[in-house]
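Below, each value reflects all heavy atoms present in this structure, side chains not excepted, and no hydrogens, waters or symmetry copies. Every chain is numbered from 1 and lettered A, B, ... according to where its sequence line falls, protein lines coming before strand lines.
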2 protein chains.
Amino acid sequence: MEKLNETLTTQLNHRTIRKFSPKPVTQNELALLFEAARHTSTSEFLQQFSILRITDPAKKEAIREISHQDYVGGNGELLIFLADLNRNYQIRKQLGKDVGRLQTTDLFFQAQNDMVLAVQNTLLAAESLGLGGVILGSINDDPKRLVEVLELPKLTYPILGLQIGHPAQEPQLKPRLPLEFTVFENDYPTEFPVEKLADYDKIVHTYYDLRDANRRVDEFTTQIASAKLDKRVTKRDDIVAALHHQGLCLE
Amino acid sequence: MEKLNETLTTQLNHRTIRKFSPKPVTQNELALLFEAARHTSTSEFLQQFSILRITDPAKKEAIREISHQDYVGGNGELLIFLADLNRNYQIRKQLGKDVGRLQTTDLFFQAQNDMVLAVQNTLLAAESLGLGGVILGSINDDPKRLVEVLELPKLTYPILGLQIGHPAQEPQLKPRLPLEFTVFENDYPTEFPVEKLADYDKIVHTYYDLRDANRRVDEFTTQIASAKLDKRVTKRDDIVAALHHQGLCLE
């Protein structure tokens with residue numbers, strides 16, 4: 001196989017890091033991560049995202065409690081990425097315009113997409129520098145509380161966090177679905193027979209087995225059929241109420 | 001300044017390419033792009049996105065009409081990225097489980113975020129190979145029609161497209177908001193005085209002026225206060241109805 005370039009090599013070696021050494025991320029490294037975020041594509045040049053770098057111990061603690069993950073706010077840096085329609089609203093207001101389309105779901109999705117693109121660029125930039133990280137969807141475990149903790153104004157919303165630092169673990173590459181189940185030409189398939197996923201299930205099983213032989217190990221399909229996706233009562237479903245409270249997705 | 005690594009160099013040199021040469025993207029290049037997408041972070045290992053590679057001329061034409069952009073479906077490759085909760089539903093059904101949480105907004109957002117992360121990795125992989133591309137938010141200009149054209153089953157939704165190919169233009173780097181307006185420590189700012197954006201506005205004005213001296217050129221703040229964000233009737237607001245039609249974001 002031909003030699004991959006450095007970017008692809010970094011991309012194909014991605015693993016989530018959840019344990020970080022006390023060695024700090026330097027100001028120079030942080031500056032590069034923010035530059036990577038800043039240079040990301042943005043829909044219609046609206047630039048609708050912001051980053052909160054959390055250094056306040058009380059806020060770190062509160063976000064750790066919300067996300068139920070002990071590494072959140074620990075060693076390394078904790079960044080919270082916001083869909084930010086407020087900045088443009090503030091500009092419009094000063095120039096005599098109303099909120100316009102900023103409260104529509106369409107505009108919120110544009111902001112969310114901008115923001116998520118920037119998260120990936122930031123994480124990959126970190127990985128290219130020898131750092132590691134984990135994207136924190138878990139900050140959504142209590143959307144209303146998170147908005148309170150971050151004291152966010154209307155028209156801003158925290159979608160994902162990123163914990164970044166020097167890796168203190170070397171996890172195996174987690175095996176992903178083969179492309180035959182995820183990439184299609186023109187037509188989306190009519191079925192996904194579980195039998196066809198048997199080989200992949202074995203690979204996933206082996207991955208978990210090697211990672212921790214003492215824990216119960218799951219195939220991919222059994223995880224999908226597990227309680228993880230069953231209906232249940234969870235504060236994560238407050239997301240719509242929290243968005244509306246922030247004045248977003250109203251139309 | 002120290003030398004940047006290849007990944008950061010690629011990231012900081014990002015420009016959107018909207019004009020492509022007839023030189024095709026090779027199968028090998030495409031395969032690498034899909035591998036980059038496949039290795040992207042995925043929330044809770046749910047792997048809830050899919051990619052449609054569009055090669056059918058009739059579908060290309062229909063998507064070009066929807067997006068009102070002549071480069072869509074032209075030279076290069078057209079990829080449509082789907083938030084895909086259907087695959088996991090099909091697996092659950094075969095294993096005797098119901099739709100569970102797959103119709104919640106929470107799960108849709110997880111899928112959307114997974115998908116958008118993969119878009120960024122795919123685009124950057126292309127750029128690292130000397131290709132260029134444009135992320136197509138414009139496929140949302142008629143959400144209901146797009147779902148029809150792609151003949152998508154329930155629980156799938158097309159969020160962004162990507163047109164990738166060999167660049168036939170060399171645009172200038174588009175100047176983005178300085179970090180002082182987008183990155184904050186702990187506290188989101190209480191105001192964004194337009195006066196403070198005057199320097200940035202000048203830079204944006206110069207950028208447009210250099211790009212095309214014959215066109216009306218805008219500052220950033222005047223763009224934000226322009227009709228682009230004013231309230232208006234647009235099919236883009238069908239997005240919520242289209243999501244509900246697809247059985248998504250119901251709870």
For A:Met115 and A:Leu160, run side-chain contact (heavy atoms from CB on, under 4.5 Å): C-alpha distance rounded to whole Å, both residues' side-chain angles, the deciding distance at 0.1 Å, then the answer. CA-CA 9 Å; A:Met115 191 233 81; A:Leu160 292 173; 4.0 Å; yes
Checking A:Lys235 against B:Asp106 for the salt bridge (Lys or Arg N to Asp or Glu O under 4.0 Å) test, could you report, in this order, the C-alpha distance in whole Å, the side-chain angles of both residues, the deciding distance, and whether it holds? CA-CA 10 Å; A:Lys235 279 190 181 162; B:Asp106 176 31; over 6 Å; no
Kindly indicate, with the supporting measurements, whether the criterion side-chain contact (heavy atoms from CB on, under 4.5 Å) is fulfilled by A:Leu250 and A:His244. CA-CA 6 Å; A:Leu250 296 184; A:His244 289 174; 4.0 Å; yes
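Within the 4.5 angstrom heavy-atom criterion, atoms from both the backbone and the side chain of A:Arg232 approach chain B. Residue contact with chain B, scored on non-hydrogen atoms closer than 4.5 Å, is absent for A:Tyr89. In this structure, chain B has heavy atoms under 4.5 Å from both the backbone and the side chain of A:Thr40. For A:Ser41, the parts lying near chain B are the backbone and the side chain together; criterion is any non-hydrogen pair under 4.5 Å. Only the side chain of A:Val240 comes within less than 4.5 Å of a heavy atom of chain B; its backbone N, CA, C and O stay farther away. When heavy atoms are compared at a cutoff of 4.5 Å, A:Leu117 approaches chain B by way of both its backbone and its side chain. With a threshold of 4.5 angstrom between heavy atoms, A:Ile224 approaches chain B through its backbone and through its side chain. With a 4.5 Å cut-off on non-hydrogen atoms, B:Thr104 touches chain A through its side chain but not through its backbone. Residue A:Leu79: no heavy atom, backbone or side chain, is found under 4.5 Å from chain B. The part of A:Thr234 that comes within reach of chain B is its side chain, from C-beta onward, which places non-hydrogen atoms under 4.5 angstrom from that chain. The parts of B:Glu185 that come within reach of chain A are both its backbone and its side chain, each placing non-hydrogen atoms under 4.5 angstrom from that chain. For B:Gln110, the part sitting under 4.5 Å from any heavy atom of chain A is the side chain, from C-beta outward, and nothing else. Using a 4.5 Å cut-off between heavy atoms, A:Leu33 does not touch chain B at all. Contacts between B:Leu78 and chain A at a heavy-atom distance below 4.5 Å are absent for every atom of the residue.
Relative to the six-membered ring of A:Tyr207, A:Lys174 misses at least one condition, a distance below 6.0 Å or an angle of at most 45° to the axis.
Contacts with chain A were tallied for B:Ile80, B:Thr156, B:Leu177; B:Leu177 has the most, counting heavy-atom pairs under 4.5 Å. Contacts with chain A were tallied for B:Glu191, B:Arg236, B:Arg176, B:Glu35; B:Arg176 has the most, counting heavy-atom pairs under 4.5 Å. Of the listed residues A:Lys97, A:Lys59, A:Glu6, the one with more heavy-atom pairs under 4.5 angstrom with chain B than any other is A:Glu6. Ranked by heavy-atom pairs under 4.5 Å with chain B, the first of A:Arg15, A:Arg87, A:His14, A:Lys93 is A:Arg87. Options B:Pro153, B:Gly100, B:Pro189, B:Cys249 differ in how many heavy-atom pairs under 4.5 Å they form with chain A, and the most are formed by B:Gly100. With chain A as the partner, the residue from B:Pro193, B:Ala37, B:Gly96 showing the most heavy-atom pairs under 4.5 Å is B:Pro193. Taking chain B as the reference chain and counting heavy-atom pairs below 4.5 Å, the highest number among A:Leu8, A:Asn13, A:Thr55, A:Asp56 is found for A:Thr55. By number of non-hydrogen pairs under 4.5 angstrom with chain B, the leading residue of A:Asp84, A:Asn113, A:Ile54 is A:Asn113. Interface check for chain A: of the options B:Leu102, B:Leu197, B:Leu150, B:Thr42, the most heavy-atom pairs under 4.5 Å are formed by B:Thr42. When each of A:Leu123, A:Asn121, A:Thr221 is checked for heavy-atom pairs under 4.5 Å with chain B, A:Asn121 comes out on top. Counting heavy-atom pairs closer than 4.5 Å to chain A, the top residue among B:Gln94, B:Gln103, B:Gln90, B:Lys60 is B:Gln94. By number of non-hydrogen pairs under 4.5 angstrom with chain B, the leading residue of A:Thr16, A:Leu124, A:Thr10 is A:Leu124.
Side-chain contact annotation: A:Glu180 with A:Tyr200, donor-acceptor N/O pair under 3.5 Å absent. A side-chain donor from one of A:Asn86 and B:Tyr188 sits under 3.5 Å from a side-chain acceptor of the other. Defined by atom type and a distance below 3.5 Å, a donor-acceptor pair is present between the side-chain atoms of A:Glu29 and A:Thr26. Between the side chains of A:Asn88 and A:Gln47, no donor-acceptor pair is found at a separation under 3.5 Å.
Inter-residue side-chain proximity for A:Gln223 and A:Tyr208 is flagged as met; some heavy-atom pair is nearer than 4.5 Å. Contact annotation: the side chain of B:Asp187 approaches that of A:Glu151 to within less than 4.5 Å [non-hydrogen atoms, C-beta and beyond]. Side-chain contact between B:His39 and A:Gln11: absent, with no pair of heavy atoms (C-beta onward) separated by less than 4.5 Å. Between A:Leu30 and A:Glu77, some side-chain heavy-atom pair lies under the 4.5 Å cut-off. Using a 4.5 Å cut-off on side-chain heavy atoms (C-beta onward), A:Ile63 and A:Val149 make contact. Contact of the B:Val116 side chain with the A:Val119 side chain is not registered, since no non-hydrogen atoms from C-beta on lie closer than 4.5 Å. Counting only heavy atoms from C-beta outward, the side chains of B:Tyr157 and B:Leu152 never approach each other to under 4.5 Å.
Within residues 135-143 of chain A, the residues having any heavy atom less than 4.5 Å from a heavy atom of chain B are, in residue-number order, A:Ile135. Listed by sequence position, B:Ser128, B:Leu129 are the residues of residues 126-134 of chain B in contact with chain A, using a 4.5 angstrom heavy-atom cutoff.
Taking the six-membered ring where the residue is Trp, A:Phe108 and B:Phe109 present parallel rings, their angle staying beneath 30° rather than reaching 60°.
Put simply, CG on A:Leu32 and CG on B:Leu4 are 6.0 Å apart, with the number rounded to the nearest 0.5 Å. Between the CG atom in B:Leu82 and the CD atom in B:Gln112 there is a gap of 12.5 Å [rounded to 0.5 Å]. Atom CD1 of A:Ile239 is separated from atom CD1 of A:Ile159 by 7.5 Å, given to the nearest 0.5 angstrom.
Remark: B:Glu44 does not engage A:Lys228 in a salt bridge, criterion side-chain N to carboxylate O under 4.0 Å. Salt bridge status for B:Asp237 with B:Lys231: absent, with no side-chain N to carboxylate O gap under 4.0 Å. Contact check on A:Asp230 versus B:Arg92 returns a salt bridge, with a Lys/Arg side-chain nitrogen under 4.0 Å from an Asp/Glu carboxylate oxygen.
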